[in-house]
Amino acid sequence: MREPDFAGLVESGRQAFRPDWDDVVAKAARKRRFLAAFGAAAVALVVAAGGGLATGSFGGADQPRPEPTGSPYALEHFAQNPVPGRSPIPQISVTSYAVAGDLDHLYVPVRDCRSQCVDLIAATADRGRTWTSAVMPGGKINASRFVVAAAGETVVAVVRGRPDARGDRTADYSTSTNAGRMWRPAPVAEVAELPADWVSIEVVRDRLIGLDPRTGDLASVALPILEARVLATPAEPSERWLFGYTGTEPTGKRGKLRYVGKSLAVSRDGGRTWSVRKLPKDDVFSDVTVANSKRVYALYQSSSAYAQRVFRSDDGGRTWDDGTEVPVEVGQNTIYGTADGGAYLSARERLFHTSDGRTVREVRDAPPPYARIVPVYGGGYLAVSLWSQFGMSVSDDGRSWTRLETPVLRL
Amino acid sequence: MDGDVDLHELYRVAAPRLTAQMFGLTGDYAEAQDAVHEAFARVLARPARLRGVDNPEAWLRTVAMNVARSRHRRRALFDRLVRTGRLPRDEVAPPLSPDHVALVAELQTLPRVVREAVVLHYIADQPVAEVASALGCSVEAVKTRLLRGRRALAVALTDREATRA
């Protein structure tokens, strides 16, 4: 078998090179004249509007992605799985929720479909003033690719497989410790407990995945509850809160089971031991949130479309009050706790706040309804809205919010 | 990177290397040199583009590759006209040994994604991880492409040698 002589080819190719700097200068002069004629601003506008001429000439498609100077694209459109030809789509779309490494480091999954679609991660290190982009790991575009967690400049992305017979999906993780510029595959090691400063990411196949914020390593611990999900909480970082079920029971249909025993599972030793605490009831459940180590709210539907029922616990979910009906019409049916003991409830086109679970007031200078409000690693909160348009707000205390400018990505 | 002098020096040092790499990619030496010149011209027209870039040569390589790809697509129609005999096309090749001519020709028979991985790794001497980053795919995918490419080239070159003999 004959091996190719690459080294020889490189040397021959180099020796054959005849420098022609004048040709470069002449080409550059033509480009300058063209730019001067049309004006850089006009070019940027044309590109932002999707003009193929500018894209091809000064292009985005011709530029390497890490380059921060290029044509500006505003990240204001959300499209879950944009594919050219299927529906009218913007060239650059946000594909899922943004994730915060802290209040300055934000990461947004983006799909660039100016020519061949590619999944990117947009990143900022200055609270949204400037953005850069890099290619997401895991190959071609995938509707099941998400940015799932971040801590400072450490970011975790996942590509989920198809659900198996049980409904479980595989999850191929990649992590980056330099804000998404370089990625590496991150296998998940099974351990007995997670170190105290590791970040809880998500639950896969009844195991809690944790992230080492320094190295990007991942590990998992076993759980005492089924079908669990992580409850993002502003409580102590070493506390891990999950929502899930304690068991199953047969349904009327042969062979079908349903999950019962809605519960919280709390661990303060990295998942080695867990305290399981039942929610007030199983039926008409909507959502649960942890405000702090003591205050927990559970949201349930009521008999009215114009009210919801909020149960409150002041001992970490061990005991619950009888619940209070609050005049919040049915909306997204989610509740988001804040460390001061309050919580946000989103309704149809309105956002409400409660400080005690018994009274609510509408808030207007806050994130829009249907925003997802999550505590941020290192303190503070990030609100992300994908409702009609992509938008982000940040808050240091969960009360006063700053709406971030629409991110502008240069490609 | 500020002004023509630095860029000129970069051109002197890097352009031969980049052209050799683009030659492996395109199979056409004139096209390869033109793509490299185009990349330098874009920077010369707007020098700010290189501001803050850690590795200007890698940046220029990416631009040149993208230029070559774009031109390849645009040339598809032109090539069809050439094949119909309506337009003549000049083949431009540098003075190379028959072995290197054969290698470049066989590179052009590889699928584009495989060829790009082979050129970046074996000709541009980029680590696998950087190739993966440049091509926007996983390290495993690059390794697979390199294996396929290298195997296909070895078989094709052996066949050529046997035919010549």
Side-chain angles (χ1 to χ4, degrees), chain A residues 1-21 23-35 40 56 58-70 115-116 118-120 132 134-140 159 172 174 181-185, chain B residues 4 7-8 11-12 15-17 19-21 23-24 29 32-34 37-38 40-46 48-49 51-53 58-59 62-63 66-67 69-70 94-97 99-100 103-104 106 118 122-123 125 129 132-134 136-141 150 153-155 157-158 160-161:
Chain A
M1 194 75 73
R2 185 185 169 83
E3 284 298 308
D5 176 20
F6 291 112
L9 174 61
V10 172
E11 193 48 38
S12 301
R14 286 180 57 177
Q15 287 180 5
F17 185 74
R18 297 288 172 265
D20 189 359
W21 180 246
D23 181 47
V24 175
V25 173
K27 281 184 161 73
R30 281 198 295 274
K31 288 180 187 307
R32 282 200 198 101
R33 282 197 296 274
F34 187 84
L35 280 172
F58 302 102
D62 286 348
Q63 304 307 321
R65 303 205 177 282
E67 168 56 30
T69 60
S115 52
Q116 195 172 16
V118 58
D119 287 335
L120 306 177
T132 57
V135 174
M136 289 264 267
K140 61 186 179 183
V159 175
D172 292 325
S174 300
R181 288 190 290 278
M182 292 288 290
W183 296 87
R184 67 172 175 87
Chain B
D4 295 4
L7 197 60
H8 195 177
Y11 174 84
R12 193 184 65 75
R17 270 198 300 266
T19 303
Q21 294 157 16
F23 178 44
Y29 200 83
Q33 184 158 348
D34 208 44
H37 279 191
E38 177 69 22
F40 275 93
R42 288 183 185 191
V43 180
L44 194 56
R46 294 167 72 183
R49 287 182 165 187
R51 204 164 290 148
V53 172
W59 192 92
T62 306
V63 175
N66 289 333
V67 168
R69 279 188 204 129
S70 301
L96 295 180
S97 71
D99 285 350
H100 294 151
L103 175 53
V104 171
E106 293 303 339
V118 167
Y122 292 118
I123 298 184
D125 210 19
S133 175
C137 60
S138 67
V139 168
E140 284 67 33
R150 185 128 196 170
L153 287 173
V155 169
L157 293 173
T158 305
R160 272 186 184 243
E161 199 166 49

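Below, chain A is the first sequence line, B the second, and so on; all start at residue 1.
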**Message:** Check the orientation of Phe6(A) and Tyr122(B). Use parallel for under 30°, tilted for 30 to 60°, and perpendicular for over 60°.
**Reply:** parallel
**Message:** Once you measure the plane-to-plane angle for His37(B) and Phe17(A), does it fall in the parallel (<30°), tilted (30-60°) or perpendicular (>60°) bin?
**Reply:** perpendicular
Determine the minimum heavy-atom distance between [X] and [Y], stating which atoms define it.
X         : Y         : answer
Gly136(B) : Val135(A) : CA-CG1, 3.5 Å
Pro4(A)   : Leu103(B) : CB-CD1, 3.6 Å
Val25(A)  : Leu44(B)  : CA-CD2, 3.8 Å
Pro16(B)  : Arg14(A)  : O-CG, 3.8 Å

**Prompt:** For Asp119(A), is it the side chain, the backbone, both, or neither that has a heavy atom closer than 4.5 Å to a heavy atom of chain B?
**Reply:**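 Contact with chain B involves no heavy atom of Asp119(A) at all.
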**Request:** Would you mind checking which part of Pro137(A) comes under 4.5 Å of any heavy atom in chain B, side chain (CB onward), backbone (N, CA, C, O), both or neither?
**Result:** neither
**Item:** Ala141(B) portion near chain A, given a 4.5 angstrom heavy-atom threshold
**Value:** neither
**Message:** Given heavy-atom pairs under 4.5 angstrom as the criterion, report whether the side chain, backbone, both or neither of Ile123(B) touches chain A.
**Reply:** both
**Prompt:** With sequence neighbours excluded, what pairs up with Glu140(B) under the side-chain hydrogen bond (donor to acceptor under 3.5 Å, both in side chains) test?
**Reply:**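 Partners of Glu140(B) by the side-chain hydrogen bond (donor to acceptor under 3.5 Å, both in side chains) criterion come out as none, since no residue qualifies.
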**Message:** Side chains of Ser133(B) and Met182(A), heavy atoms from C-beta outward: is any pair under 4.5 Å?
**Reply:**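 Result yes, sub-4.5 Å side-chain heavy-atom pair found.
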**Prompt:** Stepwise, does the side-chain contact (heavy atoms from CB on, under 4.5 Å) test hold for Phe23(B) with Val10(A)?
**Reply:** CA-CA 9 Å; Phe23(B) 178 44; Val10(A) 172; over 6 Å; no
**Fill in**
Sorted by chain and number, sequence neighbours left out, ring pair (Phe, Tyr, Trp, His ring centres under 6.0 Å) with His100(B) holds for none
